Participant: 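Structure below; questions to follow.
Keep in mind it's a predicted model, so treat the numbers as computed, not measured. Proteins come first, then strands; the chains are lettered A, B, ... in the order of their sequence lines, and each starts at number 1.
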Amino acid sequence: MGAGLWGRDDCRDVACNVSTGWGTFAGMDILRTLQRDVAAAVERLYGEPVAPEKVQINPTLPEFTGDYAAVLFPFVKLARKSPEAVGAEVGELLQREAPYVKGYNVVKGFLNIELKETFWHELLQEVLSTPHYGRQPRRGERVMVEYSSPNTNKPLHLGHVRNCLLGWSCSQILDAAGYDVVKVQIINDRGVAICKSMLAWQKFGEGRTPQSEGIKGDHFVGDYYVLFERKSQEEYEAWQQTPEARALYEARRKPEQSEKDFFKEYKNRWFNEHSRLGAEVRDMLLRWEAGDPDTLALWRQMNNWVYEGFEATYAQLGVRFDKNYYESDTYLLGKDIVEEGLQKGVFFKKEDGSVWIDLTDAGHDQKVVLRADGTSVYITQDMGTARMRYRDFGCKRMVYVVADEQNYHFAVLFETLRRLGEPYADGLYHLSYGLVELPTGRMKTREGTVVDADDLIAEVLRLAREQVAERGSPTEGPEAEENIRRIAMGALKFFMIRVHPKRRMVFNPEESVDLQGQTGPYIQYSWVRIHGLMQRIEHESIDLSTAHQYTDLQPQEKELLKALREYPSVVLTAAQEYDPSHVANYGYQLAKNYHRFWHDLPVFNAPTPEARAFRLQLSRAVGQTLQSAMHLLGIEMPQRM
RNA sequence: GGUCCCGUAGCUCAACGGAUAGAGCAACUGCCUUCUAAGCAGUAGGUUACAGGUUCGAGCCCUGUCGGGAUCACCA
């Protein structure tokens, strides 16, 4: 540090990017260049070394002149001068020595730097000539992303939609950031819940199938789950009238407790101790665990129906998985780790034989990791699957996309794995997202307010079709169908992804998804405009080689270029923070800048051939970047709107 | 009660500790005889829940208070 300012060595990164021809300094690294040169200037002027990363560079606000602003407050103390004086001195030095500076001005403690026009041309050229602009080189490191993770007793709902969209976009972003991403889901295919569906089908199904009834398999199986709950409720209500129930009520009711409240509270106990259906379900679960062939056959049949249904929904959402894990394969895992943890002294055994971990010093409680009877609990299984996945893929990072209800569970799981010394423990991340609520509050199965994923998608498609028809665009034929699908899903996806994952979000199915304003279609529309221009270039064979001769750059054009420059760092930030909303909001900003540019400045009808060439090139760069950014969110561009 | 998350315009959301807190929706005004008006421009809307503190500078960091949510199962 502090070796000469603007010496030969520096020339490489600052300026001499000669290979591209007409450029004289690197465009994309302008922030680092400014950081370094401002730091060097401060050091030269005031004799104190300054770390370049301490220099803060922001885009200049639109109401001031200049392109980028250096924040000078941190240096006024060591300079022993006013912020204005520091700005003037640093600005003067930069303008004299740095080849890329056109001018400067100082407002309060901000040094606004105006860049020469060659900088902007260089920047545009870099964006256009970089293959897959925004993608980082491969790191040779694997990351696993677990998302969706449904139960097989009911269809996917609104919450799964947010989960899937987050999981998918997060995977895409990590991929763009250079990781090799392995996308997995863990399917909860066993347990009491699916047995309820199985039993109801066995008793009341009369051999019906999804095919015979013409409904999706997941809905078909889900309907039997609901049927079971209904029959069970009927049985319960009948039971409440029996002498046995009356006696229990009189004996156990708390003072002030109403009959209704008492029986509501008693339901689980009743199901386990008195219910005939309950006994049958438990019996079925036992037969399943014992490997009874008939039970297993039924179980496979019903789950396969569900998987067919899930596949259809996943296809609509545009999400895929590299591997499925099934709870039926993993629910016994983790016991070896418990044994190991006992030996390491990470776990301890209580008198009854149950095994625990004490996390009180980490701000958590004591937690059971193995029951007294030697059977696993939820967290045992998660420890086991974590290790299995690490063996399967060697991922040192694993991301769990799971709703924030389970924050505590994952905090405990990760801390436990850390203490066990698992090699991937520091790379575990819970991508916790807030529940999707309806305007009326939380979705409740019992109240029938659950928004079904397939219904939701159908509704959004219907709305998009309506809008397309209203604008007089074609709605018939495969191409129109595909455009409608892209617009509809673009709207839905953008709506859900643009919100920070951690926030709870309110979703109004009535108004469903807007197609105007800060939306997916707004972004798609800007791309469609560009797409139209690109097609004209083809047809009319326009000469774009004079773009660099364009001199009179407009503010709208600079704004676009500034936004383009940010794209790679936005992708990196989104990957580091596991937060796709950054990319969504960036896409909106870029589209907004483009719409303004389009409105204010003629492209094809630009005043000069150079201006036209430049604006077409600029449009192309924006189009590519928009498409790339939306691709990271799983949003596809329609050919026309 | 303990722990964690969230409180920003009527609504839905932004804002690496930086300049006068920004967008969209809803409301009101304008702009299609020039590349698609799913667009653009404008008006109005704010004590960033509240009170202190840290510093050149706080919506953001710290402390407390008040509201909302989640969780604190040998359920998954």
Participant: In the strands shown, is B:G45 matched to any nucleotide by a Watson-Crick or G-U wobble pair with both distances under 3.5 Å, and which?
Facilitator: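 Because no pair has both required distances under 3.5 Å, B:G45 counts as unpaired.
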
Participant: Does a sphere of radius 6.0 Å around CD in A:E63 hold more than 12 heavy atoms from other residues, nucleotides or ligands, not counting ones at 6.0 Å or beyond?
Facilitator: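 More than 12 within 6.0 Å, yes.
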
Participant: Should A:R503 be listed as having a side-chain N or O under 4.0 Å from OP1 or OP2 of B:C6?
Facilitator: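 For A:R503, the contact criterion (side-chain N or O under 4.0 Å from OP1 or OP2 of B:C6) is not met.
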
Participant: With no hydrogens and no angle check, just 3.5 Å: does a side-chain donor-acceptor pair link A:E114 and A:Y68?
Facilitator: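 On atom types as modelled, these side chains do not qualify, holding no pair under 3.5 Å.
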
Participant: Under 4.0 Å: is that the gap between some side-chain N or O of A:Y522 and OP1 or OP2 of B:C40?
Facilitator: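 Yes, A:Y522 has a side-chain N/O under 4.0 Å of OP1/OP2 on B:C40.
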
Participant: Reckon A:K367 has a side-chain N or O less than 4.0 Å from the OP1 or OP2 of B:C74?
Facilitator: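 No, because none of the side-chain N or O atoms of A:K367 sits under 4.0 Å from OP1 or OP2 of B:C74.
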
Participant: Would you say a side-chain N or O of A:R371 is under 4.0 Å from OP1 or OP2 of B:A73?
Facilitator: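 No, because none of the side-chain N or O atoms of A:R371 sits under 4.0 Å from OP1 or OP2 of B:A73.
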
Participant: Quick one: is B:A23 close enough that its OP1 or OP2 comes under 4.0 Å of any side-chain N or O from A:K592?
Facilitator: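 Answer is no, no contact under 4.0 Å.
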
Participant: Would you say A:R498 places a side-chain N or O within less than 4.0 Å of OP1 or OP2 belonging to B:U12?
Facilitator: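 False: A:R498 side-chain N/O out of range (4.0 Å or more) of B:U12 OP1/OP2.
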
Participant: Near A:K350 NZ, under 6.0 Å, is it more than 12 heavy atoms from other residues, nucleotides or ligands?
Facilitator: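 Correct, the count exceeds 12.
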
Participant: Does the base of B:C13 carry an N or O that pairs as donor and acceptor with the side chain of A:N585 under 3.5 Å?
Facilitator: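 Not at all, since no donor on one side and acceptor on the other fall under 3.5 Å apart.
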
Participant: Any side-chain N or O of A:R529 below 4.0 angstrom from OP1/OP2 of B:A37?
Facilitator: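 For B:A37, OP1/OP2 do have a side-chain N/O of A:R529 under 4.0 Å.
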
